[in-house]
*Asks:* 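My structure is below; once you've seen it, I'll send some questions.
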Amino acid sequence: MQEETDNKEESLFEAPPIAEQERMCEAIMFASAEPVSVGEMEARMPHGCDAAEALVHLRKRYEGRGVRLVKVGDAWAMRTAPDLGFLMQKESFETRKLSRAAIETLAIISYHQPVTRAEIEEIRGVSVSRGTVDQLLELEWIRFGRRKMTPGRPVTFVVTQGFLDHFGLESARDLPGLKELRAAGLLENRLPPRIMPTSLDSDEDDAEDLQEGQSELFED
Amino acid sequence: MQEETDNKEESLFEAPPIAEQERMCEAIMFASAEPVSVGEMEARMPHGCDAAEALVHLRKRYEGRGVRLVKVGDAWAMRTAPDLGFLMQKESFETRKLSRAAIETLAIISYHQPVTRAEIEEIRGVSVSRGTVDQLLELEWIRFGRRKMTPGRPVTFVVTQGFLDHFGLESARDLPGLKELRAAGLLENRLPPRIMPTSLDSDEDDAEDLQEGQSELFED
Amino acid sequence: MAEDEFEDIGRIENVADRMAAEALIIDVDGFEGPLDLLLTLSRTQKVDLRKISVLQLAQQYLEFVKKAKQIRIELAADYLVMAAWLAYLKSRLLLPPDPTEEGPSGEELAAHLAFQLERLHAMREAAAKLMARDRLGRDFFVRGIPEDMERVKRVTYTATLLDLMQGYARIRTRDDFRPYTMDRDAIFTLEQALERMRGLISFAGTWTDIASYLPDEFSADPVRRRSATASTFAASLELVKEGRVEIRQNNAFAPIELRRKD
């Protein structure tokens, strides 16, 4: 330590400028298969170099960049910035059909919103699993609505804008009513559901099929 | 820089500011030993990013540094500055020494691609041994190109991205002396007058392969 | 290193010089074929390859081959072919053109040879330049610690509007909703026909038109009749195969008849 200053002054002559040393450290760290200690770096650099000093500069240079200088034990290495870790993932996508339970639950929410879990269960005739609701929440197709002003003040579910976007609806009111579903053959066994899309233009009379509760939501 | 950020934001709505995109490209480039294409980069970056633009900035940033951004064919890679090669004895690896035949064959393929075996033989005046081609294929410096639309539909050879990477070339157009060779007509495919000995015992592919000018690749 | 790569190429010139001095005592194997040898010889003319004297070159080559043949008997065929051709070329160049002879003139042949030599020479120089470039793994380097790409599998769930409405309809329909399947009430299946035939066949002691086996409810409506006929016929063939009945048809379009086999 005490000698360092002397050495430096002595060797300053031959040693490359600090900016050049910085470049060297940069290249060494980049190419090295493992973290490199200051000693090792200096051993590879021309005589008189001060790797520690160069590293201070280099570290500063990389502040806020996509990669940074990190100390690993007593060695140094370059690493990608932790906030960019997501770039190092190769995502593979798989599309799966929503389960029947989820679709039914979603359908009930869309037609009856705002609707409580108890109401969903009543309509479906089976209990609604937590996972199903969670999945729909995660898909951001439903969200929590206002609490019902009934005993227990249960939470309600409503569909989201994301839901409307996904299904190409302007509002939940655009969902065809039971009458149309029937006309489209969805409530009868015979007709192929292929005929569906034509009947999507909604008119007012589906209100009969929808339960009263939801209209408040769309009052805007 | 500030201006650019603004422009970018105008045109790309949700895309992160260009400085941030630059960071992302930087991280991706650092993380990968292989060249990464712009498309691949954008696939990993948030929607709306313009990697090509970010790379222009990034390349400038690394000018004169210990590592630099280089273009390799359609892709980009980070490589240490060549003048610092002397620091890297530890990392340097011996490429298997290539025979004179292999070196010449490689040069002929790179300057004349896409080129058939018969054409290589015509230029060198000797038959090309299987081992030579295999060695170059194994190094992944050459690969099979499209078949020539000439009798026998012989396969052609072209150089690879690995070749460009190895020799620090942005594209095959940057081969040393290419322009001069072309100007001198030495990359033309000149059919030998009839009675010329092709000097080869080449059987399957014959001199008829030598037809349309192969310099097409380099035409700008 | 660079010098190593050069060495091969540089050697040509050294060899060329040596050759000139040592009066062509040469290991033929040292050359990569006749063209290489010609190139080497031509380099001793020390002129632009385009202005080379092909005649003189041919002379040198023939000279060389002659001497080499004395020393080493097994001269490769390639060399001899080239020698023969050069002798021919020489004669073409020396003699006034024969108007009756077809094909390229001696000058054209000579020009092409000069082109070949120049091209080979150019490629060698290009190869040397290529090898002299900064090279990956020697002069510049890749990232020493590449970061592995983490593979993440993302599952997205989808549903269509139709799914949604079918789901809703399923719940709201009193009668059990079932997904659409083709209703095949006009179809008399092979299985049905077989079952029916198996029951009836024991009564067919004499030849009977298979039309009489059609079920009543399938005989009137032509669509249903068609289906039943086809299935009954197929079922009959099946029974023939099983060896339980015999089948016959006297003429085209005549009734198909069957009879129990005893």
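Sequence lines set the chain letters: A, B, ... in the order given, protein chains first and strands last, and positions in each chain run from 1. None of these values were measured; they are calculated from a predicted model.
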*Asks:* According to the side chain to side chain donor-acceptor pair (under 3.5 Å) rule, which pairs have a member within residues 72-84 of chain A, sequence neighbours left out?
*Replies:* A/Thr80-C/Glu147, A/Asp83-B/Arg23

*Asks:* What part of A/Leu87 gets closer than 4.5 Å to chain B, counting heavy atoms only: side chain, backbone, both or neither?
*Replies:* both

*Asks:* Quick one: of A/Ala19, A/Gly64, A/Ala81, who has the most non-hydrogen atom pairs under 4.5 Å with chain B?
*Replies:* A/Gly64

*Asks:* Which residue out of B/Met45, B/Arg44, B/Met29 racks up the most heavy-atom pairs below 4.5 Å with chain A?
*Replies:* B/Arg44

*Asks:* With sequence neighbours left out, write down each residue that passes side chain to side chain donor-acceptor pair (under 3.5 Å) with B/Thr156, or none if nothing qualifies.
*Replies:* none

*Asks:* Taking B/Glu170 first and then B/Arg59, would you say they form a salt bridge - that is, a charged N and a carboxylate O separated by under 4.0 Å?
*Replies:* yes

*Asks:* Using 30° and 60° as the class boundaries, would you call the ring planes of B/Trp141 and B/Phe163 parallel, tilted or perpendicular?
*Replies:* perpendicular

*Asks:* Return the option, out of A/Met41, A/Arg68, A/Met24, with the maximum number of heavy-atom pairs under 4.5 Å with chain B.
*Replies:* A/Met24

*Asks:* Give, as side chain, backbone, both or neither, the part of A/Met78 having an atom under 4.5 angstrom from any heavy atom of chain B.
*Replies:* side chain

*Asks:* Once you measure the plane-to-plane angle for B/Phe30 and B/Tyr62, does it fall in the parallel (<30°), tilted (30-60°) or perpendicular (>60°) bin?
*Replies:* tilted

